[in-house]
Amino acid sequence: MSQPRVLNLNAMSKRFGSVVANDAVSIELNRGEVLALLGENGAGKTTLMNMLFGHYLPDSGSIEVADADGKMQPLTLGHPQAALEAGIGMVHQHFTLAENLTALDNILLGAESLFSWRHKRREAKKKVAAIMARTGLLAPLDEKVGQLTVGERQRVEILKALYHDARILVLDEPTAVLTPQEADTLFENIGAMTKDGLSVIFISHKLREVLAFSQRIVVLRHGKKVGEIATDDADQQVIARMMVGEDTPAIPREMLKPGAPVLALKSLTVKGRSARTSLHAADLLIRAHEVVGIAGVSGNGQTALARVISGLEAPDGGEMWVGDTRILRFTPPVMQEAGIGRIPEDRHHDGVIGEMSVAENLVIERLGDPLVQNHGFLRQKEILTHAEELSRTYDIRGPGIEAEARLLSGGNIQKLILARVFEGQPQFILANQPTRGLDMGAAGEVARRLLEARTRGAGVLLISEDLDEILALSDRVMVIHDGRLSAAPDKDRAKIGLMMAGEPV
Amino acid sequence: MDILQILFSDSFWAASLRIATPLIFGVLGALICEKSGVLNLGIEGIFVAGAMAGWMAVWLGAGLWGGLLVAAAVGGFFGLIHAVLTVPLGLSQHVSGLGVTMLATSVSYFAYRTALPDLSSPPRITPFQPLDIPILSDLPFIGPVLFQQTAMTWLALFLVVLVWWVLERTPLGLAIRAVGDNPDAVDAQGLSVYALRIGAVVVGSALMALGGAFLTMSAFDSFFFGMVNGRGWIVIALVIFASWRPRKALLGALLFGAFEAFQVRLQTQVGAFVPSQVFLMAPYVLSIFALVIVARRAEYPRALLKPWFKGQR
């Protein structure tokens, strides 16, 4: 390697209780390099990066970072401030943005000395604009972060790191929230930045982007480094095997004839405050034995669609039918009784009550069920037996069924939600971003369960930003853009991509 | 007719501003605490402690401005107790706040009785006098309303601008707003969540204590039991009414001051027919209504009441 070294992680180890999250992991990074850190959920990627950034104190190991002159200096461990000063910027998977503040305020946070009499706002804006022009990372600076889409929030996070003059940028699952096109653009931008000397580590479990955009791949499994390979020498099979230790099976799909309609939307209209919260006369028909995929860039009306079908919001016009019944009151219990199973987009926030136990979360949608309660008293024993059965069937792993649900990993929270939804045998399932942020194993499980429901006779509406997933699972594809739904003529990637961008096909 | 007379009299507006002054101090203090994510129900007690400490310092010969410093320091001390309990230890902000209120109130009364065991009526001090700025105070209407107030009212108004500026226009204010919205964001930038919150609660509590000191050092000239009389709780409501914005907080405090001044004057006019309790109640009823209307849209700090622990995400 002709490029100088900028970062050494030496034999980093960290355990949480009895769980070994990282076991003597060593990684090197060179100037201008893009390193992919690959591994399943729970493989220890995020833990490793949190140690680099000072959020966790490692049990053993050391870190050296090149200073501005290129000399390697030991990094003080356990202090984010030290990592920041050493030029390390991190974009977390769960964004660390203050939603009531504007994008610019978030970028400025911590960038100036606290005790000065005023912001240097104009200069700051100029600097951010320059970064945006150089990298193509565009975001509305004067809007509150709470109003931005997930994609925009991520760009704010990256801008924040670059604004702080990061020389090493760590991206945790950067494309989990982006469309394929957006992801491509992001990596192009990263390519441009690395020419200026920025070094990038990105965490991912998407093989396609890892192969396309990294120069070197490090694979973690169960907290250990199990492989390191130059991207030029790698292909899908090789790294997939490193990751999971075996070949991944393709998802089997039966040919099924669509049955009776299970969900119909007729000119459904939601007047939101902007395009991203609106829906214009949406028509949609989903039959039994059918998976319909909704492709679209985030913030084009998916949320409004999902909220109406979940009963969280009443539409301003149009009709919704579940089977033969017209929905007149839009509340969650009505939807549940009508036989709609819901897998929410934000599983941590809307899918579980983190402070309640796994067992309680499993029965929370059926508290009226005599199996769960008897004359208003919870039947604890039955609830626990039920939870034990479900966690076995759905392979929910974690500290146990009586532990708080928030302690589960993302993949296991999703399994909990799947268990709850599929146990009710719903005739229609709304799956909103069901695999976002999940590793291949867990994502495969979600796909398998959705197809199983399809075989059983349920209709499935799959809203996803992952086009590969939509193409793999759907019988038909609809595209949503600016709150308008339209049917894709066929499952052609290029055509759907154009429609997602609002271009005529 | 009587009502119009009241509304157009300069004495009514002057009284409104005077009654609003302690509330302005309090509402700014509470707002700083809550912006950082900590509810400070110690306010009622801190008012009492500020009133007592400031007045006693002056009586012992510290001078008026020295008295204010003492009041602020005592308020900051009780704020520090609340901050240590709720920020690094993460205890319930409600419970700790009410505890501080009881502690500060009792300690103040205890100190008063210990220092002056034999006096049936409290000694008087020379309080802040109206400024009476030469030409300006002779102006019709605004002269008596604005320019015959004491220095403390002016200090309160100046603090509104200062607090607004610091919160909205400086990096420190940005960090305080951020720590009340998402402490993780602050931590990720290497700033100390604990230091910011503790600092905000201590400074906020010092301001609250100045509100108390206004009662003994400007509005009256001595200290007596029960003189704070629920002003702290009104302030907690006013902060919500103000949607956590300093300028709206000023408006809210003035509005409440006007209600109060109005009811006093109304009592003298129609007091013969209506029991006086109705008038005493009026400002509180009105503030409940104002809250109902305004608070539904209030944009509260998202991390308010939520303890944050380092390394736990």
Side-chain angles (χ1 to χ4, degrees), chain A residues 14 16 46-47 50-51 53-57 76 78-86 88-102 104-121 124 144-146 153 156-157 160-161 163-164 170 172 348 406-407, chain B residues 31-32 34-37 90 92 161-200 203 242-245 297-313:
Chain A
K14 176 82 184 169
F16 295 105
T46 303
T47 304
N50 275 335
M51 287 194 286
F53 199 65
H55 285 313
Y56 295 148
L57 193 63
T76 315
H79 289 281
Q81 188 69 50
L84 277 168
E85 276 164 15
I88 300 168
M90 181 154 179
V91 177
H92 296 270
Q93 190 181 356
H94 303 292
F95 300 145
T96 52
L97 295 171
E99 290 184 17
N100 275 339
L101 270 53
T102 65
L104 184 64
D105 278 346
N106 270 284
I107 292 170
L108 286 184
L109 178 62
E112 304 166 281
S113 143
L114 275 188
F115 301 100
S116 65
W117 270 108
R118 50 183 294 271
H119 289 303
K120 299 195 171 84
R121 278 195 109 77
K144 287 192 176 167
V145 167
R153 288 181 202 196
V156 173
E157 280 276 25
K160 188 165 82 173
Y163 185 85
H164 286 72
V170 179
D172 191 356
H348 299 275
R406 68 181 173 85
L407 299 174
Chain B
L31 189 135
I32 293 173
E34 291 181 32
K35 271 282 181 194
S36 81
S92 159
V161 180
L162 182 71
V163 169
W164 170 79
W165 178 269
V166 169
L167 282 176
E168 298 294 330
R169 289 284 183 271
T170 71
L172 178 65
L174 174 59
I176 291 173
R177 285 183 290 138
V179 82
D181 195 58
N182 183 359
D184 285 334
V186 171
D187 185 51
Q189 294 312 316
L191 299 172
S192 167
V193 173
Y194 294 161
L196 280 168
R197 285 190 165 170
I198 292 175
V203 170
S243 198
W244 291 271
R245 289 163 202 276
R297 280 175 292 143
E299 229 175 46
Y300 60 96
R302 285 188 317 137
L304 186 61
L305 297 177
K306 291 184 192 142
W308 180 93
F309 299 104
K310 188 152 182 65
Q312 184 180 312
R313 21 183 60 237

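It should be emphasised that the depicted structure is a prediction, and the values quoted were computed from it without experimental measurement. What you see below is based on every heavy atom in this structure, not just the backbone, and it leaves out hydrogens, waters and symmetry mates.
Annotation: maximal heavy-atom pairing with chain A below 4.5 Å, among Arg177(B), Glu168(B), Arg169(B), occurs at Arg169(B). The greatest number of non-hydrogen atom pairs below 4.5 Å with chain B, out of Arg121(A), Lys160(A), Glu157(A), Lys120(A), is found for Lys160(A). Highest contact tally toward chain B, considering only Leu84(A), Leu109(A), Asn106(A), is held by Leu109(A) [criterion: heavy-atom pairs under 4.5 Å].
The minimum heavy-atom distance between Tyr300(B) and Asn100(A), with the atom names listed, is O-ND2, 3.4 Å. Nearest approach of Asn182(B) to Leu97(A), heavy atoms of both residues: ND2-O, 2.8 Å. Contact record, Trp117(A) with Thr170(B): O-CG2, 3.2 Å, taken as the closest heavy-atom pair. Shortest non-hydrogen contact noted between Asp187(B) and Pro80(A) is O-CB, 3.7 Å. When all heavy atoms of Thr96(A) and Ala185(B) are compared, the closest pair comes out as O-CB, 3.1 Å.
Interface remark: Leu162(B) contributes side-chain atoms only to the contact with chain A (heavy atom separation under 4.5 Å). Residue His79(A) does not touch chain B at all, counting heavy-atom pairs closer than 4.5 Å. Using a 4.5 Å cut-off between heavy atoms, Val166(B) contacts chain A through its side chain alone, with no backbone atom that close.
Considering CD1 of Ile107(A) and CG of Leu174(B), their distance stands at 11.0 Å, rounded to 0.5 Å.
Remark: Arg245(B) CZ is loosely packed, at most 12 non-hydrogen atoms of other residues, nucleotides or ligands lying under 6.0 Å away.
Counting only heavy atoms from C-beta outward, the side chains of Glu99(A) and Asp181(B) approach each other to under 4.5 Å. Inter-residue side-chain proximity for His119(A) and Pro171(B) is flagged as met; some heavy-atom pair is nearer than 4.5 Å.
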For this session: Kindly determine whether His92(A) and Asp184(B) satisfy side chain to side chain contact (heavy atoms under 4.5 Å, CB included), including the steps that lead there.
Result: CA-CA 11 Å; His92(A) 296 270; Asp184(B) 285 334; over 6 Å; no

